[in-house]
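Comments concern the structure below.
Only heavy atoms go into these numbers, but all of them, side chains included; no hydrogens, no water, no symmetry mates. These figures come from a predicted structure and were not determined experimentally.
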Amino acid sequence: GIYDTTYTNAAGCDSTATLNLTIENSTSASATETACDSYTWAVNGQTYTTSGTYTDVSTNAAGCDHTETLNLTINNSSSSLQTITACDSYDWNGTTYFSSGSYNQMFINAAGCDSTATLDLTINYSTTSSVSVTECDSYDWNGITYTTSGIYDTTYTNAAGCDSTATLNLTINNSTSASA
C-alpha cells in the first residue's frame, strides 16, 4: 500500500513522507514419498536412507524464503538364506533342482520392496549295485539264507545318507543224489 506521514520540518513547515510499500510473501511446499532402500530428493540432490521429515530452504522469485518439506518413508529390501542337503533332488518354490549349487529367486516383500531368497543346495545321490551269483543248494546274503533262484533287493543308507539298493541275481542249482 501507500502510506503518508506528515511532520514538521526544521523550517517549521509541514513535510509529508510517502511510503510505497510492497510486501512479498514467503512460500512453502511439501511432498510425501515412499521408496525402497533410498530416495534422492530432486529439490536438493540429497540421498536419504532412513524415514523422516526433511526440509530445504531456498529463495523464491520474490526474494523471500521458500521452504520445501519432504515427508519420507523408507522401506527396506530383504533377503533370506536356506542351506539344504537332500538326496537326488529338491523342490524349492516350484522348481525341482537335481544338482548342488547356489540358487536365487526374486520376490516382492510385504513392504513392496525386492526380496532375494537364496538356496545353498547340496545334492547327494542314491546308489545302486548288483551282483550275479550261482550257488548250489543255498546262498547267504546280508544275513539271509536263500534256497531258490530269484532277484532279491536290499535297501540301506549309503555314506552320503541316501538310499542305496543292492540287487542279487541268484541262481540256485540243486544238488542231485543218485540211489543205487
Q.
Pair Asp56, Thr67 - check side chain to side chain contact (heavy atoms under 4.5 Å, CB included), show working.
A. CA-CA 6 Å; Asp56 182 78; Thr67 303; over 6 Å; no

Q: Show your working on side chain to side chain donor-acceptor pair (under 3.5 Å) between Asp153 and Thr167 and close with a plain yes or no.
A: CA-CA 5 Å; Asp153 289 324; Thr167 301; 2.7 Å; yes

Q | Verdict with supporting geometry, Thr122 and Ser100, side chain to side chain donor-acceptor pair (under 3.5 Å) | A | CA-CA 4 Å; Thr122 301; Ser100 298; 4.9 Å; no

Q) Between Gln105 and Trp92, does a side chain to side chain donor-acceptor pair (under 3.5 Å) hold up when you go through it step by step? A) CA-CA 10 Å; Gln105 289 185 350; Trp92 185 57; 5.7 Å; no

Q: Report the C-alpha distance between Thr148 and Ile172 in whole Å, list the side-chain angles of each, state the deciding distance to 0.1 Å, and finish with yes or no for side chain to side chain contact (heavy atoms under 4.5 Å, CB included).
A: CA-CA 6 Å; Thr148 57; Ile172 296 290; 5.6 Å; no

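Tyr103 and Met106 end up in different hydrophobic clusters when Ile, Leu, Val, Met, Phe, Trp and Tyr side chains are linked at under 4.5 Å. Taken together through direct or relayed side-chain contacts under 4.5 Å among Ile, Leu, Val, Met, Phe, Trp and Tyr, Ile151 and Tyr146 form parts of separate hydrophobic clusters. If you chain together hydrophobic residues whose side chains sit under 4.5 Å apart, Tyr97 and Tyr125 fall into the same group. Hydrophobic clustering (side-chain heavy atoms under 4.5 Å, transitive across Ile, Leu, Val, Met, Phe, Trp, Tyr) keeps Tyr156 apart from Tyr152.
Side chain to side chain, Thr47 and Thr40 meet the donor-acceptor criterion of an N or O pair below 3.5 Å. Defined by atom type and a distance below 3.5 Å, a donor-acceptor pair is present between the side-chain atoms of Asn104 and Thr118. In this model, a donor atom of one side chain and an acceptor atom of the other lie less than 3.5 Å apart for Ser77 and Asp37. The closest side-chain donor-acceptor pair between His66 and Thr27 falls under 3.5 angstrom. Using a 3.5 Å distance cut-off with no hydrogens or angles, the side chains of Ser164 and Thr127 do pair a donor with an acceptor. Asp163 and Thr155 form no side-chain donor-acceptor contact under 3.5 Å, judged by distance and modelled atom types alone.
Interatomic distance, CG of Asn76 versus SG of Cys36, reported as 8.5 Å (0.5 Å rounding). In this structure, the separation between CG on Asn60 and CD on Glu24 is 8.0 Å, given to the nearest 0.5 Å. In this structure, CG in Asp137 is found 5.5 Å from CG in Asn174, a value given to the nearest 0.5 Å. Annotation: the span from Thr116 atom OG1 to Leu81 atom CG amounts to 11.5 Å, rounded to 0.5 Å. One finds the OH atom of Tyr39 at 7.5 Å from the CG atom of Leu72 (value rounded to the nearest 0.5 Å). Here the straight-line distance linking atom CG of Asp120 with atom CD of Gln82 works out to 10.0 Å at 0.5 Å rounding.
Taking all atoms of both residues into account, the shortest heavy-atom contact from Ser38 to Thr49 is CB-CG2, 4.0 Å. Closest approach of Trp141 to Ala166, counting heavy atoms only: CH2-O, 3.4 Å. Here the closest non-hydrogen pair linking Ser126 and Asp88 is OG-OD2, 2.6 Å. Nearest heavy atom pair, residue Cys136 against residue Ser175, reads CB-OG, 4.4 Å.
Clustering of Ile, Leu, Val, Met, Phe, Trp and Tyr by side-chain heavy atoms under 4.5 Å joins Ile108 with none of the others.
Side chain of Ser89 to main chain of Phe98: no donor-acceptor pair is present (N/O by atom type, distance under 3.5 Å, no hydrogens or angles).
Checked options Thr96, Thr85, Leu121; the residue passing with Tyr90 is Leu121 (criterion: side chain to side chain contact (heavy atoms under 4.5 Å, CB included)).
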